[in-house]
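Each residue takes its place number in the sequence, starting with 1. Atoms within a ligand are numbered from 1 in the order they appear, just like the ligands themselves.
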Amino acid sequence: MVKIIGKALPHLPWQEKPVGSTETIWRYQQNPIIGRHAIPTSHTISNSAAVPFKDGFAGVFRCDNRTGYSELHAGFSEDGIHWKIAPEKIRFVFANPQTEDSDTQYDPRVCEIDGRYYVTWCNDYHGPTIGVAVTDDFHTFTQLENALLPSNRNGVFFPRKINGNYMMLSRPSDWGHTPFGDIFLSQSPDLEYWGRHRHVMGRTAGWQSTKIGPGPVPIETTAGWLMLYHGVVTTCNGFVYSFGAALLDLDQPWKVIVRTKAYLFTPETDYETSGLVPNVVFPCAALADSATGRLAIYYGCADTRVGLCFGEVNEVIAYLEHHRL
Ligand code: BMA
């Protein structure tokens, strides 16, 4: 049996798999958990991240407003399902005054490292790149240096140092709706200077033939780092975003142990297949309970709303082995 290495989360949001379901990942039946107008100024609320915080949960939400800009808003929840999202966007305090503010900030991830919460997101600095901020309370956020040069999206930290370095996954991109993309890993002694870049894995065929990118913060297990990732295929009507999983080596996480040939989860419901950008499921956070092996995954639905789905780590790994690429 594979074990999750990490905290027990007895308050993890959870709903049992529907009787008779053959899915490895199943949807929360009351989805979506956050609608497009959850705050007065929002046009859509989608790809967003949650973490356990104090006795409940905190999160950073991608709220697109009526100007068409994407902004990051903080939020809190007691149960991980019902959220109070701040109507005002996060006003970052800059650690270095030379750092520039950006009009567009999207697809946040939140990673707890040594008791502090690091937010990474797609920032704009003469093109898309990886913004980084740190918070202790989800009220004051200190923005650090952008991690990489443009163009890059989907910066995702690992929750601890590995062999003395912090690690980050990312997906180099272009300025537009990038028609390519592989997952890379970068290393840093201090969360500011990133190097020792390694290719982790590339797009292949089928649902992951156009591009792939890292999703939630990787989950440490006894079998390796469990990485959920999005995969994109180009159809005659545009991109379709699904997600799959891979296991990465615990000590050298640029080495792939196994990855899925078949997707784990793809847009199927109305709230995933219609909206601002139809046919998108985009996972940005996964909570993992080490006591039970349960996973609760937050994902953007059609770039319009936020959904929640569930799985169990041993079933995900069994699926990976069964559908290995
Ligand atoms: C990507 C990002 C994501 C979005 C996806 C589908 O380029 O903008 O935020 O979910 O496209 O529109």
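Although no hydrogens or angles enter the test, the distance criterion places no donor-acceptor pair under 3.5 Å between the side chain of W225 and the main chain of E220.
Atom 10 (O) of ligand 1 has its closest protein heavy atom at D303 OD1, 2.7 Å. Nearest to atom 2 (C) of ligand 1 among the protein's heavy atoms is D107 OD2, 3.6 Å.
Within the 4.0 Å heavy-atom cutoff, R62 counts among the residues contacting ligand 1.
Set against the non-hydrogen atoms of V277, the atoms of ligand 1 under 4.0 Å away are 12 (O). Which parts of ligand 1 touch Y241 is read off a 4.0 Å heavy-atom cut-off, strictly below it: atoms 1 (C), 5 (C), 6 (C), 7 (O), 11 (O).
Counting heavy atoms under 4.0 Å from ligand 1, residue F239 does not touch it at all. Counting heavy atoms closer than 4.0 Å to ligand 1, residue H177 contributes nothing at all.
Residue pairs meeting the side-chain hydrogen bond (donor to acceptor under 3.5 Å, both in side chains) criterion with at least one partner in residues 33-51, sequence neighbours excluded, are N47-D107.
Checked against the 6.0 Å centroid threshold, F141 and Y117 do not count as a close aromatic pair.
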Quiz: residues 315-325 side-chain donor-acceptor pairs under 3.5 angstrom, not counting sequence neighbours:
{"residue": "E315", "atom": "OE1", "partner": "K17", "partner atom": "NZ", "Å": "3.0"}
{"residue": "Y319", "atom": "OH", "partner": "Y263", "partner atom": "O", "Å": "2.3"}
{"residue": "E321", "atom": "OE1", "partner": "R324", "partner atom": "NH2", "Å": "2.6"}

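By the neighbour-count criterion of 12 heavy atoms within 6.0 Å, atom CG of N237 is sparsely surrounded, having that number or fewer from other residues, nucleotides or ligands.
Using a 4.5 Å cut-off on side-chain heavy atoms (C-beta onward), V240 and T210 make no contact.
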